[in-house]
Protein chains: 2
Amino acid sequence: VTVQRHIVIASVEPSIDCGRHPVKRIAGESLPVEACVFRDGSDVIRVVLKFRRAGERRATEAPMTASNPGLDLWRAEVPLPAPGRTLFTVEAWTDRFATWLDEFRRKVEGGLTDLGSEMAEGAALLDALAERGRGPDRKVVAGAAGSLRGAGDAAAALEAVGAPEVVEAAGRLQPRADAVVHRPELEVIADRPLARFGAWYEMFVRSQGTQPGRGGTFADAERRLPDIAAMGFDVVYLAPIHPIGRTGRKGPNNSLHAGPGDPGSPWAIGSDDGGYTAVEPALGTLDDFDRFVAAAARLGLEVALDLAIQCSPDHPWIRQHPEWFFRRPDGTLKYAENPPKKYEDIHPLNFDTEDRAALWAEMRDVLLFWIGHGVRIFRVDNPHTKPLEFWGWLLGEIRDRHPDVLFLSEAFTRPPMMKALAKVGFSQSYTYFTWRNTKAELTEYLTELADPGPADYFRPNFFANTPDILHEFLQKGGRPAFAIRLVLAGTLSPAYGIYSGFELCENGPLAEGTEDYKDSEKYQVRVRDWNAPGHIKGLVTRLNAVRRENPALQELANLRFLEVDNPQILSYLKRTPDGSNVVIGVVNLDPFHVQEGLVSVPLNEVEVEGDVEGEIDVEGRVGVVRGGRFGAHDLLTGSRYEWSERNYVRLDPAVGPAHVLRVEELEA
Amino acid sequence: VTVQRHIVIASVEPSIDCGRHPVKRIAGESLPVEACVFRDGSDVIRVVLKFRRAGERRATEAPMTASNPGLDLWRAEVPLPAPGRTLFTVEAWTDRFATWLDEFRRKVEGGLTDLGSEMAEGAALLDALAERGRGPDRKVVAGAAGSLRGAGDAAAALEAVGAPEVVEAAGRLQPRADAVVHRPELEVIADRPLARFGAWYEMFVRSQGTQPGRGGTFADAERRLPDIAAMGFDVVYLAPIHPIGRTGRKGPNNSLHAGPGDPGSPWAIGSDDGGYTAVEPALGTLDDFDRFVAAAARLGLEVALDLAIQCSPDHPWIRQHPEWFFRRPDGTLKYAENPPKKYEDIHPLNFDTEDRAALWAEMRDVLLFWIGHGVRIFRVDNPHTKPLEFWGWLLGEIRDRHPDVLFLSEAFTRPPMMKALAKVGFSQSYTYFTWRNTKAELTEYLTELADPGPADYFRPNFFANTPDILHEFLQKGGRPAFAIRLVLAGTLSPAYGIYSGFELCENGPLAEGTEDYKDSEKYQVRVRDWNAPGHIKGLVTRLNAVRRENPALQELANLRFLEVDNPQILSYLKRTPDGSNVVIGVVNLDPFHVQEGLVSVPLNEVEVEGDVEGEIDVEGRVGVVRGGRFGAHDLLTGSRYEWSERNYVRLDPAVGPAHVLRVEELEA
């Protein structure tokens, strides 16, 4: 006879797409889980959260407590002490003894008499539990059964069996006869903190040299590292470092024919010098690379490599694995196309090849190779042109071996694919940030990204520019535009990045109406004066320091926008859950004109909740607000203001287009 | 070798709880389905909606068209011609010929030359399709392959193979090599229109007599039907009509001991005269019941019966199936309890009995018995105290045989269980409406109910009172309160009901602070003057007529609230999707005082969309608004007003506490 199912586990949150994909958190945090669990009638149920590290069989149980009984919500937390995958689910069952006790208590307290039958029933239930048990629990439960039988009256009986130790022992012995377990088992990926919070600096190794006409090397790049570290970056992301193909090589500004001295695009991967596990000889040796990684580490910088799955016509795989590529009817290899555009210097991989198991394994081994050389971050080029199934497999293979490895998805495509890549395992994603410049665009887009739904799996990385994207706003707006976009990227998103040259406010386009750089490093070597007049390295350095010092800026879902009576001024507030750190951003989005306006700040948003010493203020809270006023300390300039619910601001883009204000107590 | 999966069907909507439960619609409508479907790269995909009636194996396919390409959304509709269950899902695959054609077109139109290789590839694709085909499609495709080979230039080739008939034939022949089908299959239940829209009248047969001290019969009730029909009701719902137990029978006002003449509670079901398939002899015979049902049908009224699964101590099942009931340690049967309350006149059924298959089947047969007597609606008493699994099974058994049968759930419990019962198959549900009386309460609750999420499966039935619920608002507010609650119930919710006596404004409570009626019909026979002074039958009649004449009032999800600058006045607007019927409700929630205020009406809400003859007005729409003004025709009183964006209202509860205004053209 099967057991009648009474209990419904209607929902377990967080859960993405019915549990098909894991949620993401940061190791060191815990994952609060809330479940809606109930049953027919009024029997008492027990609900537990069960969790286990991936690969372990035994689950740990934590009792869930009613967090909102009116909505049948139960809550407990999954601890996430270290990076890795954890599986969790919820189990619930009816507790017959607790049900009996609840009814018995209501009868006794309601003044009913003649409860002998009830007491006999309770004693029988306890007897049955005692028979199942051993050790102390058995003793407690058997003793309770005895005192129930011997009790003079119902009140005395209630006192004997209602004691916490009896209830707890009975709860432990209670068979889970009608237990229901939520399916599917859910998953949470705990990543290291850099998955959420970090500042990235993108560069081409070959442009780190100092002599005009001569390409830079790993050694040159190594000499650049102290400057990058001093600006406060966390990650140095390198354009591909592999040997560059000769056949079909592109010349300066994407011209079809390269001259003998033209270095070609680093994304045309592979030559006689090797492929994905080799380095371009012009940059140095693998040993030089190792030294570069070690030097970065000493400065607190991590190195991120680019993974672009496409081969130059000279890549060794073309000969070793011809079946991995597409062929035209005449038998020649197909190059990459986006009709009518042609990319004659690269061949796409055929993920439908019958030999794809070997292709997939090879890609995994490429990653393991670089992980062996100290790399823990990969920026993946155009992942949306390869099957999601492949990425799910590849990222899982790597994560299971190296839970500290992070992947950044460069999927400039439609939102569903961008999100799907995050769901199958990418740690971070490029976004549409570069194309969101007006107040309306920024407000709408950030509201969408900060929503807890997508924020559970999609972590944005706001690159302010890339080698492919020099937005018109930067082309036209000059130095103030760079300052504006830098502050927005670095304060709106916990992870952000710039592509080198941004700090120098480089903004020459290939042509009017394009987003391509003129004389792009993609096709030629650049040599720069890294301290050229007009740079904004001071602002970059200050901003990165402010980000590190203010935990409110290290999250995204805590973002809320503030009202400003000027459509050219964007203002927003971020606070830590305990309110101990509250930061207000105010940015003039107009790089050409002074803008002024009134920023509205709901006082409860800047207040500290809970038991903090101080005077009682707004709505019974205590904190920094005194008589409706609080301190606003501009962390970029050091200025201190007295703020209240409505605050006049005036921002001159030529001087400083933004305030980044920390809420503080007013000085006495 | 398995086929590489490229396509993701990320979502198919509407879907409830990951497809575990069906959505509900009305037969005669269709179900728009929207799916998010995409793949890696830029290959062309085909997406179809597949649907089949439950029990049929063959699915029909309808092509889905891109409804929002930027979000990869595809749309098609499931037709729902008749009541019953329909299963549906989405299938998608890559169309290799369409992909080739798309790229070829972009190359030709982009001015590329030297496309011989592309043309050879296209011809080979068409050859392969022709080999798979037969009949006209084969001929078309083979012909296209030929003209592609013979084409003088690429432009001519494109013209030959890009013709719609080629694309369509190739699409039909295209193998679905990498097809992906959404799982699980989703379900929609189509109910008849009464499931959503109808006015219910609840009564006790025994109180339909005319002679004091003598209980009414089916024949008496039959004589009452014209009055009920004249008021415009659709459903007559009867308190249980089965034999009433003797043992433990309750007396007037729920007193513990019944006198010899006391009839007992009709919810104490079963006596020596029979149980669930018998009628109480005092009411008449089964033939009398049949005559009552037939008489109701002639008047356009349907009869709803009560299903209360609990037995009086005298029910035949007590002897026939002692194992279906709970026993105390001394072997006696347990009566129903909600400690410390006792219900000595009823025994609950034990749904965990080992013999439960027989119990379940018996309950199904009880329903089939009454269905055999012309009943198509059941109001289920306290379904939340029985297992959801049972209800899912029972309602499915009935629905599969009789898709026109409706079930109303009386689950006055917490929201998750209330919703869960709707999810497992109840057609309608009682709600918290009686306890939502202030503007804030009504706005919040109706906003929740009208949300498309819950509205997909949960259909409210707003009873303004029940034999158990005489709200303080009615007790204290007198006749105006009854008018207020009637208009609210009947215009906010498509389904609503009153329990008899409401139209007479009966409002005597058992005691201060209770919601029980004094001298409740639950325990004694009542004889009323159905035209007693002070009744509101005129308003009931008018309201029911207005509901029938205005399709906007026959839906819920179209509700939106309007701004009024007085917290005692609630105003809302409902419009049909095409805007051809727009109704505005304005209700004074204060039964004691005149209230006045300004109602704000966004003009675009009252406008007609689309190609309607008339002058162009607001935002390029055409319709009833002329120069910012429109007609507001009070359907309760016949008064006509000229309204605009802001409108003064003044409502005297003693005269008429509400406007129900139809938006009309202003008379010239």
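Hydrogens, waters and symmetry mates play no part in the numbers below; they use all other heavy atoms, side chains included. To find a chain, count down the sequence lines: A is the first, B the second, and so on, and within it residues start at 1.
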Region of [X] that comes under 4.5 Å of a non-hydrogen atom in chain B:
{"X": "A:Ser42", "value": "neither"}
{"X": "A:Lys419", "value": "neither"}
{"X": "A:Lys386", "value": "backbone"}
{"X": "A:Asn382", "value": "neither"}
{"X": "A:Leu112", "value": "side chain"}
{"X": "A:Pro383", "value": "neither"}
{"X": "A:Glu118", "value": "side chain"}

Sub-3.5 Å donor-acceptor pair from the side chain of [X] to the main-chain atoms of [Y], do we have one?
{"X": "A:Tyr445", "Y": "A:Tyr432", "result": "yes"}
{"X": "B:His347", "Y": "B:Lys334", "result": "yes"}
{"X": "B:Gln310", "Y": "B:Ile346", "result": "no"}

Counting heavy-atom pairs closer than 4.5 Å to chain A, which one of B:Cys18, B:Gly111, B:Ser117, B:Gly41 comes out on top?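 Ranked by heavy-atom pairs under 4.5 Å with chain A, first place is B:Ser117.
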Which class fits the ring pair B:Trp360 and B:Phe390: parallel under 30°, tilted 30 to 60°, perpendicular over 60°?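 Ring orientation, 0 to 90° scale: perpendicular.
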Under a 3.5 Å threshold, yes or no: a donor from one side chain and an acceptor from the other, between A:Thr332 and A:Asp330? yes
For the residue pair B:Arg75 / B:Asn68, report whether a side-chain donor-acceptor contact shorter than 3.5 Å exists.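 Absent: no donor and acceptor within the cut-off.
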Measure [X] against the heavy atoms of chain A and call it side chain, backbone, both or neither at under 4.5 Å.
{"X": "B:Lys423", "value": "neither"}
{"X": "B:Arg39", "value": "backbone"}
{"X": "B:Pro348", "value": "neither"}
{"X": "B:Asn338", "value": "both"}
{"X": "B:Ala10", "value": "backbone"}

B:Phe104 and B:Met119: side-chain contact (heavy atoms from CB on, under 4.5 Å), yes or no, with the steps? CA-CA 8 Å; B:Phe104 185 59; B:Met119 287 159 70; 3.6 Å; yes
